[in-house]
Amino acid sequence: MGSAIADDDKSAVPNPEFEKQFQEGKEFKDGKWTLPDGTPTYDVKRNPENTDHVVQVDWNTYSGWRRYHAECHVCHGPNAEGSTFAPALKDSLKTMDYAKFLQVVAGGQESDMGGTKSVMPALGDNPNVMCYIDDIYIYLRARSTDALPGGRLSADQRAAKPPEAVEYEKACTAG
């Protein structure tokens with residue numbers, strides 16, 4: 001459903017039909033890429049001759065990658081691929097919409113993972129998460145569609161930070 005394997009078997013490549021719903025009609029507005037309904041989304045450019053190589057990601061995807069690894073990967077695993085006690089968000093975001101994502105992160109959630117109770121804590125009062133919630137969502141959405149392969153992103157792979165992101169961050173973090 002979500003991806004196909006690259007000819008060189010190095011990483012998955014986006015399935016255009018699946019990815020279309022998260023890219024169609026997107027526009028850069030107010031400092032981030034959004035879909036026509038206002039849902040934030042990613043802009044990932046990969047080298048067409050070497051699909052494993054990410055040429056550039058938008059600022060919010062890069063910021064989301066950084067924030068995910070600072071706040072979320074301890075439970076949900078590197079690259080959002082899950083762990084023994086928290087689900088793979090890479091898979092969850094294939095079907096979870098933006099509103100549900102916000103609800104779960106802000107309010108928390110209890111679930112049963114094969115007979116083991118799993119608790120996602122409410123993070124609605126954590127500014128290190130909530131001030132960057134759109135960025136985290138954008139990163140996870142890019143991972144869920146295989147637009148962004150797992151692994152490290154370097155500063156030379158990101159677009160410049162938009163002025164709107166600078167202003168929003170100052171306002172949200174009171175700094």
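Quantities reported herein were computed from a predicted structural model and do not represent experimental measurements. Note that these values count all heavy atoms, side chains included, but never hydrogens, waters or copies made by symmetry.
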Task: Lys94 bridged to Asp91 by N-O distance under 4.0 Å - done: yes
TODO: Provide the closest heavy-atom pair for Ala147 versus Arg46 in the form atom of the first, atom of the second, distance.
DONE: O-CD, 3.2 Å
Open item on the list: Between Arg143 and Asn79 (side chain of the first, backbone of the second, donor and acceptor by atom type, cut-off under 3.5 Å), is there such a pair?
Closed with: yes
Task: Cluster link Val104 to Ile136, ILVMFWY, side chain under 4.5 Å - done: yes
TODO: Measure across Trp59 and Pro162 and return the closest heavy-atom pair with its distance rounded to 0.1 Å.
DONE: CB-CD, 3.6 Å
Task: Near-ring test Trp65/Tyr68, centroid separation under 6.0 angstrom - done: no
Task: Asp97 side, atom CG; Gln103 side, atom CD - distance, nearest 0.5 Å - done: 9.5 Å
Open item on the list: Checking Thr61 against Asp58: is there a side-chain donor and acceptor pair closer than 3.5 Å?
Closed with: yes
- [ ] Could you state whether Tyr42 and Leu102 fall into the same hydrophobic cluster, counting links through intermediate Ile, Leu, Val, Met, Phe, Trp or Tyr residues with side-chain heavy atoms under 4.5 angstrom apart?
- [x] yes
Task: Phe18 and Phe22 aromatic ring geometry - parallel, tilted or perpendicular at 30°/60° bounds - done: perpendicular
Task: side chain to side chain contact (heavy atoms under 4.5 Å, CB included) between Glu19 and Asn15, worked out - done: CA-CA 6 Å; Glu19 187 182 32; Asn15 174 327; over 6 Å; no
TODO: Dump the intermediate steps for side chain to side chain donor-acceptor pair (under 3.5 Å) on Tyr139 and Ser63, then the final yes or no.
DONE: CA-CA 8 Å; Tyr139 163 72; Ser63 173; over 6 Å; no
TODO: Give, for atom OG of Ser92 and atom CE of Met120, the distance between the pair rounded to the nearest 0.5 Å.
DONE: 10.5 Å
Open item on the list: Starting from Trp33, can I reach Leu153 by hopping between I/L/V/M/F/W/Y residues whose side chains sit under 4.5 Å apart?
Closed with: no
Open item on the list: Quick check for you: to the nearest 0.5 Å, what is the distance between His76 atom NE2 and Ser83 atom OG?
Closed with: 7.5 Å
Open item on the list: Take a 6.0 Å sphere around NZ of Lys20 and say whether it holds more than 12 heavy atoms from other residues, nucleotides or ligands.
Closed with: no
TODO: Answer yes if the side chains of Thr39 and Tyr137 hold a donor-acceptor pair under 3.5 Å, and no otherwise.
DONE: no
Open item on the list: Among Val57, Thr34, Asn60, which residue satisfies the side-chain contact (heavy atoms from CB on, under 4.5 Å) criterion with Ile138?
Closed with: Asn60
- [ ] Begin with the C-alpha distance, continue with both residues' side-chain angles, and end with the deciding distance and a verdict on salt bridge (Lys or Arg N to Asp or Glu O under 4.0 Å) for Asp43 and Lys26.
- [x] CA-CA 9 Å; Asp43 188 54; Lys26 74 179 183 182; 2.6 Å; yes
Task: Distance-minimising heavy-atom pair for Cys75 and Ala86 - done: O-CB, 3.1 Å
Open item on the list: For the residue pair Thr41 / Gln23, report whether a side-chain donor-acceptor contact shorter than 3.5 Å exists.
Closed with: yes
Task: Under 3.5 Å side-chain donor-acceptor pair for Asp134 and Tyr98 - done: yes
Task: Whether Gln157 side chain and Val54 backbone form a donor-acceptor pair below 3.5 Å - done: yes
Task: Between CD on residue Glu110 and NZ on residue Lys117, distance to nearest 0.5 Å - done: 4.0 Å
Open item on the list: How long is the straight-line distance from CE of Met130 back to CG of Leu123, given to the nearest 0.5 Å?
Closed with: 8.0 Å
Task: Residues Glu164, Lys32; criterion salt bridge (Lys or Arg N to Asp or Glu O under 4.0 Å); working and verdict - done: CA-CA 8 Å; Glu164 297 92 338; Lys32 69 178 76 165; over 6 Å; no
- [ ] Please examine the side chains of Asp30 and Tyr168, heavy atoms only from C-beta on, and report whether any two atoms are closer than 4.5 Å.
- [x] no
Open item on the list: Whether the Tyr132 and Glu71 side chains hold a donor-acceptor pair (N or O, under 3.5 Å, no angle test) is what I'd like checked.
Closed with: no
Task: Worked check of side chain to side chain contact (heavy atoms under 4.5 Å, CB included) between Leu89 and Glu81 - done: CA-CA 6 Å; Leu89 296 178; Glu81 292 175 349; over 6 Å; no
